[in-house]
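Positions are given from 1, in the same order as the sequence printed here.
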Amino acid sequence: MTEDEARAWLTAHFDVPRETWDRLARYVAILLSAMDEQNLIAESTRPHVWARHIVDSAQLLLLARDAGKGEWVDLGSGAGLPGIVVACLSDRPVLMIETRRKRIDFLNDVAAQLGLSHARVFGGRVESAAPMRAAVISARAYAPLPKLFASALHLSDKNSLWVLPKGRNAQNELETARPAWQGMFHVEPSVTDAESAIIVAQAVMPAGKKKGRS
């Protein structure tokens, strides 16, 4: 997917008013500028930021369109991918969880600069975040699936939808997690990379349990 194709994809799949385009463009500019101080994205992806990062994040919103109302929790948000993109493209409340001080400051600064009052940052480990019932949980390059579920289960209930980009190892990670975790799982292809995939899950709980929190 080229950068022009990425912008065309956003236009085709979202009602993107001028204000939102401006927010996304400002976010990209802030992100690339901050690369001089910290490694927020892979340097090799800098020329393809709209395809490799903006669209790669935005596609998760389409997979979560039937999720219940409530907070979107992004684990290990890093540069704000997908958390900041989700907050730009929707009015759903977004909680970004991040441990690294520089990245916490970056996320707070971006949210303030872009006027994303519905986005907030928790600075700390995922395991330390207060229990909640998120509508959607996302994680991009955060942890292997078994560790991811174990660290964030207290943020979910049986209705929470997990949308988890897992690159080319998605199916292998899912098979590795199955002995210890149960739920409704399926794998969706990524629109930005034909060989990459996204694990979508619901009713996630440790194997052997009859039901999760309602």
Residue set satisfying ring pair (Phe, Tyr, Trp, His ring centres under 6.0 Å) with His118, at least two apart, ordered chain then number -> none

With salt bridge (Lys or Arg N to Asp or Glu O under 4.0 Å) as the rule and sequence neighbours excluded, what pairs involving residues 190-202 come up? Arg168-Asp193, Arg168-Glu195

Please identify each residue that fulfils side chain to side chain donor-acceptor pair (under 3.5 Å) with Ser77, with sequence neighbours left out. Asp74

Could you give all pairs that pass the side-chain hydrogen bond (donor to acceptor under 3.5 Å, both in side chains) test and reach residues 20-31, with sequence neighbours left out? Arg18-Asp22

Residues in side chain to side chain contact (heavy atoms under 4.5 Å, CB included) with Thr2, at least two apart? Asp4, Glu5

Under 3.5 Å donor-acceptor pairs involving side-chain atoms of residues 90-97, not counting sequence neighbours:
residue, atom, partner, partner atom, Å
Ser90, OG, Val86, O, 2.9
Ser90, OG, Arg92, N, 3.4
Arg92, NH1, Gly68, O, 2.8
Arg92, NH1, Gly70, O, 2.9
Arg92, NH2, Gly68, O, 3.4

Pairs where residues 31-48 contributes a residue and the test salt bridge (Lys or Arg N to Asp or Glu O under 4.0 Å) is met, not counting sequence neighbours: Glu43-Arg46

Checking side-chain contact (heavy atoms from CB on, under 4.5 Å) against Leu40, which of Met35, Lys102, His53 comes through? Met35

The salt bridge (Lys or Arg N to Asp or Glu O under 4.0 Å) partners of Asp109 (sequence neighbours excluded) come to none

Using the ring pair (Phe, Tyr, Trp, His ring centres under 6.0 Å) rule, collect all pairs that involve residues 161-184, keeping only residues at least two apart or in two chains. Phe149-Trp162, Phe149-Trp181

Excluding sequence neighbours, so at least two apart, what forms salt bridge (Lys or Arg N to Asp or Glu O under 4.0 Å) with Glu127? Arg125

Tell me the salt bridge (Lys or Arg N to Asp or Glu O under 4.0 Å) pairs involving residues 54-70, sequence neighbours left out? Asp56-Arg140

Per the salt bridge (Lys or Arg N to Asp or Glu O under 4.0 Å) rule, what does the pair list look like for residues 79-89, sequence neighbours excluded? none

